[in-house]
2 protein chains.
Amino acid sequence: MASSETPPDVYDSLRPVPRQRLYLQLVEKLTDFIEREGLRAGQRLPPERELAASLSVSRASVSQALVALEVQGIVDVRHGDGAVLLHEPLGVQVIATLRSRRSRLPEIIEARYALEVKLAELAALRRTDDDLARIDHALALMAVQVSAGDRGEAGDEAFHSAVTAAGHSGLLADIMGEIAPAILETRIESLSQPGRPEASLDGHLAIADAIRSGDPVEAARAMRVHLDLVSDVALLRGDQDIRTHFDHQS
Amino acid sequence: MASSETPPDVYDSLRPVPRQRLYLQLVEKLTDFIEREGLRAGQRLPPERELAASLSVSRASVSQALVALEVQGIVDVRHGDGAVLLHEPLGVQVIATLRSRRSRLPEIIEARYALEVKLAELAALRRTDDDLARIDHALALMAVQVSAGDRGEAGDEAFHSAVTAAGHSGLLADIMGEIAPAILETRIESLSQPGRPEASLDGHLAIADAIRSGDPVEAARAMRVHLDLVSDVALLRGDQDIRTHFDHQS
DNA sequence: CTGTCCTAGAGGCTAAGCCACCAGTCCTAT
DNA sequence: ATAGGACTGGTGGCTTAGCCTCTAGGACAG
């Protein structure tokens, strides 16, 4: 296929990103335009046809961009009338939001911080011997997998699930269950990095120790440290969102 | 069909739906489909062409719907690969679960700790001027209500909602939205206690200050303190569960 | 002044087509 | 055998062309 040979453009390797979707570029241009023109809420954007012509893209693409802005609540597109600005988009904010939403991984990490740190606390306070047994079992499982060269995501999942159960909070557990499938994706990605399964296992041990000794503060701290590991991965392949973890427990 | 002929209804100014945009209908059908088929994160939606055919719409419309889903972080559309589900749209099933748990006040408090503390952190890091304006507006609203002898739950709700928005985490916001009805109950109960609205307002001011000055650690601490207020109430009338807050930030 | 009608121009949506990309396969050269 | 490159089928990305529907506002009648 003609693709593999270097295209007309000589050094187009300057394109690190697989090229952003057109509608996202257009969203950016539109928000720029709004700012540049100083448009306020209630004012109208130029007609689609006009935008398409001046940006040299098809109407369909402009329309997609408007859908994106509409979903974000920035404009209201009115049939037969035009696209009315609802809120000023606050500059780079919008496009940053859109970009970070394209991959929700950063948000998933944030949710894990919120939920699992709390669950670790609760687990330290409430774990029964039975809970501890489940946690230990998960640790053993992952240890076996890791020493066998496996990524050990099954053990990883079992561990987090055991901690969640040990927290004895039905509501939090339900919420965790809801985002669990999404977490799985980050899990696999994280554990695919060299040396990561071992590091993750260490983190688990620290968390388990804290839970065993009934120390909620330490359990929360250990969980944060553990999640920092995961978030690094996610941010690696995801887009550069604002760092979600900072100097915890200063 | 005879669709557009507006029926006998005289006061059609009530017309909330000037007929929904096609892509919105498709978004609905797609989320239904996801739920019905029990699709989990990582799985793929049918190809655009197939969807277009089976829904009897053009590919362009399907594409718009996918843009909407992508902007919302539900799906990741990968060129040459397909549309991959990132996380299930929080479904009705969860809502049902939550509803049945409505009276589990201690659990609701725990969930609020988990979510809102993190959201306060994020808000301190990410708040825009617009976010701050919303927060201040909520503060003002509650101040007025309280000084008028009202419990001020509307202002309270507005405040927490503004903080949630300022966190700029769609997923966490979604989860908050899910448990919001349950929270309302605790809110009213808490604010019904003498002197409580004033104390709550003070808490809000502290949180707002931290968010304004961009101090995530302080924002989290202030939020914890504030929630401690609420949890006292809940524990009063609920079962005396283990204290969920302890020596934070040791 | 008031109400009706008309129409320009805006978005909504479709159809058909070509291009770019990904992953698996098969085939070749080492 | 096996590593590496080309092929291929399927998927999304985007365009062009065109017709339909809706809204707002002006012209015109009453």
Side-chain angles (χ1 to χ4, degrees), chain A residues 1-9 12-13 15-30 42-71 74-86 102-103 237, chain B residues 1-6 12-13 15-30 42-71 74-86:
Chain A
M1 179 169 285
S3 60
S4 49
E5 62 177 7
T6 344
D9 199 343
D12 80 342
S13 58
R15 201 189 306 175
V17 188
R19 187 160 123 248
Q20 208 174 23
R21 299 272 301 270
L22 223 207
Y23 82 82
L24 286 175
Q25 301 176 42
L26 295 179
V27 163
E28 198 162 352
K29 296 212 179 190
L30 287 176
Q43 296 191 281
R44 275 167 181 71
L45 264 53
E48 288 189 0
R49 288 172 175 85
E50 198 174 304
L51 287 172
S54 67
L55 294 170
S56 301
V57 297
S58 72
R59 248 186 91 203
S61 296
V62 172
S63 184
Q64 283 193 323
L66 289 176
V67 165
L69 287 175
E70 194 171 29
V71 169
I74 309 236
V75 300
D76 182 17
V77 181
R78 300 177 183 168
H79 191 177
D81 190 4
V84 180
L85 198 58
L86 289 182
R102 219 183 94 58
S103 166
R237 60 88 71 183
Chain B
M1 63 186 282
S3 58
S4 51
E5 50 126 346
T6 336
D12 79 344
S13 59
R15 180 184 49 178
V17 186
R19 185 158 128 250
Q20 212 172 18
R21 302 269 300 270
L22 223 209
Y23 82 83
L24 286 176
Q25 301 177 40
L26 294 180
V27 162
E28 205 164 329
K29 296 213 177 190
L30 286 176
Q43 295 192 283
R44 275 166 181 69
L45 264 54
E48 288 188 1
R49 289 172 175 83
E50 201 175 301
L51 288 172
S54 67
L55 294 171
S56 300
V57 297
S58 71
R59 251 186 89 201
S61 297
V62 172
S63 183
Q64 282 192 324
L66 289 176
V67 165
L69 287 175
E70 193 171 27
V71 168
I74 309 273
V75 112
D76 184 17
V77 182
R78 300 175 183 170
H79 191 174
D81 193 4
V84 181
L85 197 60
L86 286 183

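Per chain, numbering begins at 1; letters A, B, ... match sequence-line order.
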Undergrad: Rounded to whole angstrom units, what separation is found between the CZ atom of B/Arg49 and the P atom of D/dG13?
TA: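 Result: 10 Å.
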Undergrad: From the options C/dG11, D/dC14, C/dT14, select the nucleotide whose nearest atom is closest to the side chain of A/Ser58.
TA: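 In terms of side-chain proximity for A/Ser58, the closest of C/dG11, D/dC14, C/dT14 is D/dC14.
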Undergrad: Taking all non-hydrogen atoms of both residues, which atom of A/Glu70 and which atom of A/Val77 are closest, and how far apart?
TA: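 Looking at all heavy atoms of both residues, the closest pair is OE2-N, 3.5 Å.
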Undergrad: Round to the nearest Å and state the distance from A/His79 atom NE2 to D/dC19 atom C1'.
TA: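 In whole Å, D/dC19 C1' and A/His79 NE2 are 12 Å from each other.
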Undergrad: B/Leu66 and B/Ala83: which non-hydrogen atoms are nearest, and at how many Å?
TA: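 Taking B/Leu66 first and B/Ala83 second, the nearest heavy atoms are CD2-CB, 4.4 Å.
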Undergrad: CG of B/Leu66 versus P of D/dT11: gap in Å, rounded?
TA: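 Going from B/Leu66 (CG) to D/dT11 (P), I get 14 Å.
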Undergrad: Starting at atom CZ of B/Arg78, determine the distance to atom P of D/dG10, rounded to an integer number of angstrom.
TA: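 So the CZ-P distance, B/Arg78 to D/dG10, works out to 21 Å.
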Undergrad: Using heavy-atom distances to pick each residue's nearest nucleotide on DNA chain C, tell me which of B/Arg44 and A/Glu50 is more 5'.
TA: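 Result: A/Glu50.
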Undergrad: CZ of A/Arg21 versus P of C/dA20: gap in Å, rounded?
TA: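 Going from A/Arg21 (CZ) to C/dA20 (P), I get 16 Å.
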Undergrad: Taking atom types as they are modelled, is there a donor-acceptor pair under 3.5 Å from the base of C/dG12 to the side chain of A/Arg59?
TA: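 When only heavy-atom distances are counted, A/Arg59 does reach the base of C/dG12 through a donor-acceptor pair under 3.5 Å.
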Undergrad: Please report the distance, rounded to the nearest Å, between CG in A/Asp81 and C1' in C/dG11.
TA: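 Result: 9 Å.
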Undergrad: When you match A/Gly80 and A/Ala60 each to their closest nucleotide on DNA chain D, which lands nearer the 5' end?
TA: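 Result: A/Ala60.
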Undergrad: Are the side chains of A/Leu30 and A/Leu51 in touch, meaning some heavy atoms are under 4.5 Å apart?
TA: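 They are in side-chain contact.
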Undergrad: Give, for atom CD1 of A/Ile74 and atom CG of A/Leu86, the distance between the pair rounded to the nearest 0.5 Å.
TA: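 It is 9.0 Å, given to the nearest 0.5 Å.
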Undergrad: Round to the nearest Å and state the distance from B/Leu22 atom CG to C/dG11 atom C1'.
TA: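 Taking atom C1' of C/dG11 as the reference, CG of B/Leu22 is at 13 Å.
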Undergrad: Just the rounded figure in Å: distance from P of C/dA15 to CD of B/Gln64.
TA: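 B/Gln64 atom CD is separated from C/dA15 atom P by 15 Å.
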Undergrad: Hey, could you give me the CZ/CG distance between A/Arg21 and A/Leu26, rounded to the nearest 0.5 Å?
TA: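 Output value for this atom pair is 11.0 Å.
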Undergrad: As a test of reading the structure: which of C/dG12, C/dA10, D/dG12 is closest to the side chain of A/Pro47, going by heavy atoms?
TA: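 Among C/dG12, C/dA10, D/dG12, the one nearest the side chain of A/Pro47 is C/dA10.
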Undergrad: Using OP1 and OP2 only, check whether a side-chain N or O of A/Ser63 sits under 4.0 Å from C/dC13.
TA: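 No, because none of the side-chain N or O atoms of A/Ser63 sits under 4.0 Å from OP1 or OP2 of C/dC13.
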